[in-house]
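Below: one structure, written as structure tokens.
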Number of protein chains: 2
Amino acid sequence: MSADVNPGGATPRTTLADVARAAGVSPTSASFVLSGRGRQMRISPEAEDRVRQAASDLHYRPNSISVSLRKGITHTIGFVSDTVATTPHAGTLIKGALEAARERGSLLLIGETEGDPELERRLIQAMHDRRADAVILASMYTRKVSVPKALLGMPAVLLNALPRRQAGISSVIPDELAAGRDAAGVLLRAGFRDGIHLIGAGPGRNQRPPHSVAAVERLAGISEVMTAAGITWAGAYGCLEWEPADGYRAVEALLATGRPKALICFNDRLALGAYQALSHRGLQVPADVSVVSFDDDPIASWLKPQLTTLALPHYELGRRAIDVLFADGDRPRAPGEAALHRVPMPLRQRASVAG
Amino acid sequence: MSADVNPGGATPRTTLADVARAAGVSPTSASFVLSGRGRQMRISPEAEDRVRQAASDLHYRPNSISVSLRKGITHTIGFVSDTVATTPHAGTLIKGALEAARERGSLLLIGETEGDPELERRLIQAMHDRRADAVILASMYTRKVSVPKALLGMPAVLLNALPRRQAGISSVIPDELAAGRDAAGVLLRAGFRDGIHLIGAGPGRNQRPPHSVAAVERLAGISEVMTAAGITWAGAYGCLEWEPADGYRAVEALLATGRPKALICFNDRLALGAYQALSHRGLQVPADVSVVSFDDDPIASWLKPQLTTLALPHYELGRRAIDVLFADGDRPRAPGEAALHRVPMPLRQRASVAG
DNA sequence: CAAGGATGCTAAATCGTATTAGCTAGGCTG
DNA sequence: CAGCCTAGCTAATACGATTTAGCATCCTTG
């Protein structure tokens, strides 16, 4: 209707040239003043004041696009993951990265591959085209991935993932091995020497979810500590998936033949299933059976009794990825020496272990 | 060490000028060809071929930053939310938006405010500075928000949120009212006429979590249907929070004085607590008590028996936000007439209601 | 064969900023 | 008073594309 409706919607924004004009100086001078180098560039205090005043009067904000083009740095980090949504609270990975990035003045440009390698390639390409300063390639559960070549030419880091073949790229993963040791340690300290059953993984290749780094390392840690203590587990029930129903089935099968004293569940969803199976048989946690688990999924603290578990440090993992990228500079560093960063998994001691 | 180590890490990328030079034409011609307007601009087929060949040989990719500066469009949408992480699977909101955006060739630039209005302001400012084509202001649970003025000057939409004061901005929210009707309908169809208790909210102002739109609308929907059927609820137990412990307490209190036939829990976490309290008293779902709930949190299908619930359509909400922004164009439209979009909450009929 | 139109290009301006390389006027020195 | 330094600026260029305007040729056509 009215003639001043701008169909593009955006009021033409004020530019540096506008500010310079209003202050009666050249754009060059205005730029110097606003970048804080006025004194150094011998702009008189009077001129400085006029520029600052004009900038504030006109609500001047520099156009980041233009700055990026000129300086070659975008203060943007690409975050490419297989999936943010499927894994319930893995969004915390993003949150950690987001906050760490923001503290360094950067924002995250996110993309999701759904596990499709072609889409992954295109997304990394898109990040590159937009001149993201660096790229984080994240997986929502720890696994080995093949590193797209495009990542090797730019600052990049693997988050919650390991390179399938040795590549010049750093990784940030949870310290599953130590977590395995700690899980076993909790039971040992509580005095358990026998009747310990593993729910979720066993030594065999087909006794665990494929590609799961967690299964292998958690088991290794458990095994290491138990062996050192001179004891062995009474049984190990492997599952190809780690959902509540799998835990239920495993414990039901177990209860059909014997009476466990303690369970190490390979994640909290399995533990939920285990609780259900135990309760179905009228067994109490921890009076009859103790349970220790991994992940610290929200349900761990919703269960009754609350579950003792080794927490996946999602938030901290996200932060570390950014830290690794920025190393010790104010901008992401080139692909240097690759390193493997293991983030500790804290023990959440709650009420599911007797003692 | 070696002289060719580029400390910035990035190989200088090939530009349009490089391609033009290799093809023996001007950058102008190269641009015409690569933008598909070669024929229209009367570039000879031979020249076209040379340009395309050169572009492919040199692995040319246009610099998006430069294109954005020139065209004033960034193919980037800002996604500003209070928190992605705290609410367990609300990441699906992002996922929906992400996929819909990608289908339109855009990526999401994300930021999180942690509920801090100043940070929110700064983030929106940052999105604006980067010339995001539009901004989505998302809340992880449906509530009324005060709309930052900066949003009104650009294409924007509220996701899972309503403007506190009437503002010229569209909203996308779940249809909580209809969901309330459906929840009551499920019980009515199953033949319940009395003994229906509400867990989580009641008619009083202090009988529900503050600022929760869901509480008000779900209750209104329930009330509407029950009134129409000529029945009323046997009791309503309001809670200021909707965690499992609250549900447990409520149902425990309820069982101390009577025997409900059916529960409408205002979310799945309350329902989890209700299950625990029922089980503690030796009552079976649904044989003794039926339960219907809201949200379709992952736990809804982990519980035994699986919970009948009205799903929050997170994914669809995210998609709709993008759809609303793009309306019927290839780029976000100016802030036009504000509309309220209600996305249906599908019924997940499972095993917690006797039938 | 001159006028006019199509053909096949390219030069130059533009987007908004940062930065390098001057340029001018005044003061000081010798 | 010539020469040099300093203070206080600005012109010009670059970043990497897109787009408008225009410039030669060659081919028709009356």
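Residue numbers start from 1 in every chain, and the chains themselves are labelled A, B, ... in the order their sequence lines are given, proteins ahead of strands.
- In this structure, the NZ atom of Lys71(B) is 18 Å from the P atom of dG16(D), given to the nearest Å.
- A donor atom on one side chain and an acceptor atom on the other are found under 3.5 Å apart for Ser29(B) and Ser26(B).
- Contact annotation for Ser44(B): backbone-only contact, meaning every heavy-atom pair under 4.0 Å involves sugar-phosphate atoms and none involves a base.
- Side-chain atoms of Arg42(A) lie closest to dG8(D) of the nucleotides dG8(D), dT10(D), dT17(C).
- A distance-only check finds no donor-acceptor pair linking the side chain of Glu112(A) to the backbone of Lys95(B) [under 3.5 Å].
- Going from atom CZ of Arg50(B) over to atom P of dC9(C) covers 7 Å, rounded to whole Å.
- If you check distances only, the side chain of Thr28(A) never reaches the base of dA18(C) with a donor-acceptor pair under 3.5 Å.
- In the set dT10(C), dG16(D), dT17(C), the nucleotide with an atom closest to the side chain of Arg70(A) is dT17(C).
- Distance, Arg13(A) CZ to dG16(C) P: 10 Å, rounded to whole Å.
- Checked by atom type and distance alone, the side chain of Asp133(A) pairs as donor or acceptor with a backbone atom of His75(A) at under 3.5 Å.
- Distance, Leu69(A) CG to dC15(C) P: 14 Å, rounded to whole Å.
- Heavy atoms of Leu16(B) sit under 4.0 angstrom from at least one base atom.
- Closest to the side chain of Thr15(B), from the set dA18(C), dG16(D), dC9(C), is dG16(D).
- Atoms CZ (Phe32(A)) and P (dA18(C)) sit 10 Å apart, rounded to a whole Å.
- Atom P of nucleotide dC15(C) and atom CG of Asp18(A) are separated by 11 Å, given to the nearest angstrom.
- Applying the 4.0 Å criterion to OP1 and OP2 of dC9(D), one finds that Ser29(A) has every side-chain N and O outside that range.
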Let's go through Gln53(B) and Asp49(B) carefully: what are the C-alpha distance in whole Å and the side-chain angles of both, what is the deciding distance for side-chain hydrogen bond (donor to acceptor under 3.5 Å, both in side chains) to 0.1 Å, and is it a yes or a no? CA-CA 6 Å; Gln53(B) 189 62 47; Asp49(B) 286 349; over 6 Å; no

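- At a threshold of 4.0 angstrom between heavy atoms, the contacts of Ala17(B) with the nucleic acid are absent.
- Distances shown here put a side-chain N or O of Ser26(B) below 4.0 Å from the OP1 or OP2 atom of dT10(C).
- For the pair Ile73(A) CD1 and dA18(C) P, the computed distance is 13 Å after rounding to whole Å.
- Remark on DNA chain C: of its neighbouring residues Met41(B) and Ser31(A), the 5'-side contact belongs to Met41(B), judged by nearest-heavy-atom nucleotide.
- Using a 3.5 Å distance cut-off with no hydrogens or angles, the side chains of Asn160(B) and Ser139(B) do not pair a donor with an acceptor.
- Here dA7(D) presents its C1' atom at 15 Å from CD of Gln40(A), a figure rounded to the nearest Å.
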